[in-house]
Amino acid sequence: MLKRRKFFQYAGLGSVGFLLATRDGIASSMENPALIQPDRQTLSDLKTFEFSVTTVDQAGQVKRRQTHTAKLFPEPLKGAEKLEMVAIASGQFWMGASQNQSRSQGPTEGYDLPRHRVNLPSFFISKYPITQAQWAAVAALPQVQRPLDAAPSHFQGRDRPVESISWLEAVEFCDRLSQHTGRRYQLPSEAQWEYACRAETQTPFNVGETVTSQLANYVGTYTYKAESVGDYRQATVPVGSFSPNAFGLQDMHGNVWEWCADSWHHNYRGAPTDGKAWVSAQRFPMRAIRGGSWLDAPVKTQSASRSGYFETALNRTIGFRVSMASL
């Protein structure tokens with residue numbers, strides 16, 4: 001099933017280059033995902049969890065560690081760890097980078113501008129990117145629009161993030177899970193993703209003014225500010241390997257880029273301010289990705305960093321997490 005891949009170099013995204021693949025037979029048409037309220041009576045079983053949040057200075061040294069709590073809804077999956085959906089409260093934030101933080105280079109320069117104020121209603125988002133075990137569990141559910149390969153990833157491991165899946169396949173995952181549970185799962189909007197990543201921070205990273213390879217999976221031989229050179233792991237790592245942000249979410253910086261619901265736009269001119277996905281009126285085959293990956297320098301893993309990718313394309317650096325409308 002869906003095993004044929006054609007890999008070739010694609011230079012439009014990561015600062016150190018991307019490997020892209022296309023899978024034969026994937027249709028290029030798909031209805032835009034709608035924001036649908038889930039069944040409220042089934043989402044009352046929220047669990048509180050406690051975690052430690054790390055903040056670093058410009059040299060990458062730990063400034064403080066604080067204990068936080070958050071709430072989540074556990075979604076059972078047959079043969080896999082529960083999908084932990086963390087509750088994110090409504091709020092406002094500045095989306096995008098300030099002029100002095102926007103350090104994208106070359107063709108990506110200005111993608112994170114202009115900075116603008118966004119108001120979001122509350123929502124749920126998965127604690128981690130979807131794992132390969134979770135993907136396999138949902139791939140075994142009845143098909144909605146298109147078939148899914150149960151084991152598509154280049155870097156195999158049940159607890160590693162699924163990758164080498166197209167945007168269309170990520171939407172199919174959401175549709176199958178929605179059909180199975182009666183709750184509406186979907187890809188997060190770019191605004192939801194960045195709000196969740198920042199977790200009420202204004203700094204380039206949710207850990208502070210810089211990041212280190214002890215806090216995220218990226219090309220650690222590159223530096224962002226005054227931190228020491230770190231590790232380059234050259235692969236994905238199991239989800240949850242690094243400290244959470246203040247919302248209790250993990251792997252928002254690096255490991256894999258993450259698909260969002262939005263059509264790709266080269267900047268934020270005309271972007272919505274209500275937190276909804278920005279979907280083009282005309283058919284456009286590229287979608288937004290966020291967060292950077294194991295194959296990127298730290299500048300590409302900032303909270304505001306973004307790029308676009310073809311919705312039918314496969315890449316060993318792109319995965320996703322899911323969101324759900326709030327209670």
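- Hydrophobic clustering (ILVMFWY, side-chain heavy atoms < 4.5 Å, transitive): Met252 and Phe242 are in distinct clusters.
- In this structure a side-chain-to-backbone donor-acceptor pair under 3.5 Å is present from Arg290 to Ser305.
- Looking only at side-chain heavy atoms (C-beta outward), Val118 and Tyr195 stay at 4.5 Å or farther from each other.
- Closest approach of Leu168 and Arg146 over heavy atoms only: O-CD, 3.9 Å.
- Taking 4.5 Å as the limit, some side-chain heavy atom of Leu83 sits within range of a side-chain heavy atom of Ser126.
- Across all their heavy atoms, Arg160 and Gln156 have their closest contact at CD-O, 3.7 Å.
- Although no hydrogens or angles enter the test, the distance criterion places no donor-acceptor pair under 3.5 Å between the side chain of Ser153 and the main chain of Phe155.
- The shortest distance between side-chain heavy atoms of Val299 and Tyr222 does not fall below 4.5 Å.
- Without hydrogens or angle criteria, Asn245 side chain to Cys197 main chain gives a donor-acceptor distance under 3.5 Å.
- In this structure, Val144 and Glu172 have side chains that are in contact, with non-hydrogen atoms separated by less than 4.5 Å.
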Checklist line | CA sep, side-chain torsions, deciding dist, call: Glu169, Leu314, side-chain contact (heavy atoms from CB on, under 4.5 Å) | finding: CA-CA 10 Å; Glu169 291 171 321; Leu314 317 176; 3.7 Å; yes

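- Side-chain heavy atoms closer than 4.5 Å link hydrophobic residues (I, L, V, M, F, W, Y) into clusters, and following such links, possibly through other members, connects Leu249 to Phe49.
- Note: the hydrophobic cluster containing Phe320 also contains Val171 (ILVMFWY, side chain heavy atoms under 4.5 Å, direct or indirect links).
- To the nearest 0.5 angstrom, His180 atom NE2 is 9.0 Å from Lys78 atom NZ.
- Interatomic distance, CD of Glu209 versus OG1 of Thr201, reported as 10.0 Å (0.5 Å rounding).
- Under the side-chain hydrogen bond (donor to acceptor under 3.5 Å, both in side chains) test applied with Asn217, the options Asn255, Asp231, Thr236 reduce to a single match, Asn255.
- Summarising the geometry of Arg233 relative to Ser213, their closest heavy-atom pair is NH2-O, 2.6 Å, with the distance given to 0.1 Å.
- With a 6.0 Å radius and a threshold of 12 heavy atoms from other residues, nucleotides or ligands, Arg269 has its CZ atom at or below the threshold.
- Of all non-hydrogen atoms in His68 and Val53, the two that sit nearest each other are CD2-CG2, 3.5 Å.
- Looking at Gln250, its side chain never comes within 3.5 Å of a backbone N or O of Ser241 through a donor-acceptor pair.
- Taken to the nearest 0.5 Å, the OG1 atom of Thr212 stands 11.0 Å off from the NE2 atom of His253.
- Without hydrogens or angle criteria, Gln179 side chain to Arg176 main chain gives no donor-acceptor distance under 3.5 Å.
- Grouping Ile, Leu, Val, Met, Phe, Trp and Tyr by side-chain contacts under 4.5 Å, direct or through others, puts Tyr128 with Val239.
- Counting heavy atoms of neighbouring residues, nucleotides and ligands inside a 6.0 Å radius, atom CD of Glu200 does not exceed 12 of them.
- Atom CE of residue Met324 and atom CG of residue Leu177 lie 9.0 Å apart, to the nearest 0.5 angstrom.
- Atoms CE and OG, on Met286 and Ser263 in that order, are 10.5 Å from each other to the nearest 0.5 Å.
- Connection of Val256 to Ile125 is not established within any shared hydrophobic cluster, with ILVMFWY side chains joined at heavy-atom distances below 4.5 Å, either directly or through further cluster members.
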Next item on the list: Might you work through the side-chain contact (heavy atoms from CB on, under 4.5 Å) test for Leu46 and Thr48, ending with a clear yes or no?
Entry: CA-CA 7 Å; Leu46 295 183; Thr48 300; over 6 Å; no

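- With sequence neighbours excluded, the residues that form a side-chain contact (heavy atoms from CB on, under 4.5 Å) with Ala271 are His116, Tyr268, Trp278.
- Formation of a donor-acceptor pair under 3.5 Å by the Asp262 side chain with backbone atoms of Trp264 is not found in this model.
- Val322 has its side chain within reach of Phe173: a pair of non-hydrogen atoms, C-beta onward, lies under 4.5 Å apart.
- In this structure, Arg321 contributes its side chain and Pro188 its backbone to no donor-acceptor pair below 3.5 Å.
- Considering only heavy atoms from C-beta on, Phe205 comes within 4.5 Å of Tyr224 through its side chain.
- For CD of Glu81, the number of neighbouring non-hydrogen atoms (other residues, nucleotides, ligands) closer than 6.0 Å is 12 at most.
- Between the Trp135 side chain and the Asp149 main chain, a donor and an acceptor come within less than 3.5 Å of each other.
- A distance-only check finds no donor-acceptor pair linking the side chain of Arg184 to the backbone of Ser178 [under 3.5 Å].
- The shortest side-chain heavy-atom distance between Ile318 and Ile165 does not fall under the 4.5 Å cut-off.
- Between Arg183 and Glu75 there is a salt bridge, since a side-chain N of the basic residue sits under 4.0 Å from a carboxylate O of the acidic one.
- In terms of heavy-atom proximity, Ala150 sits nearest to Ala136 at O-CB, 3.7 Å.
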Check: Yes or no on side-chain contact (heavy atoms from CB on, under 4.5 Å) for Val162 and Gln132, after CA distance, side-chain angles and deciding distance?
Finding: CA-CA 5 Å; Val162 69; Gln132 293 175 36; 4.2 Å; yes

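- With contacts defined as side-chain heavy-atom distances shorter than 4.5 Å, the pair Tyr218/Val211 qualifies.
- Ring-plane geometry between Tyr111 and His266 is classed as perpendicular, the angle between the planes exceeding 60 degrees on a 0 to 90 degree scale with a lower cut at 30.
- Grouping the Ile, Leu, Val, Met, Phe, Trp and Tyr side chains by contacts below 4.5 angstrom, directly or via other members, places Leu148 with Leu77.
- At distances below 3.5 Å, not a single donor-acceptor pair connects side-chain atoms of Trp167 with backbone N or O atoms of Ala313.
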Next item on the list: Apply side-chain contact (heavy atoms from CB on, under 4.5 Å) to the pair Thr273 and Arg117, showing each step before the final yes or no.
Entry: CA-CA 7 Å; Thr273 59; Arg117 193 76 168 167; over 6 Å; no

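- Considering all non-hydrogen atoms of both residues, Ser52 and Arg65 come closest at OG-CB, 3.9 Å.
- Atom-to-atom distance recorded for Ile289:CD1 and Glu190:CD is 10.0 Å, nearest 0.5 angstrom.
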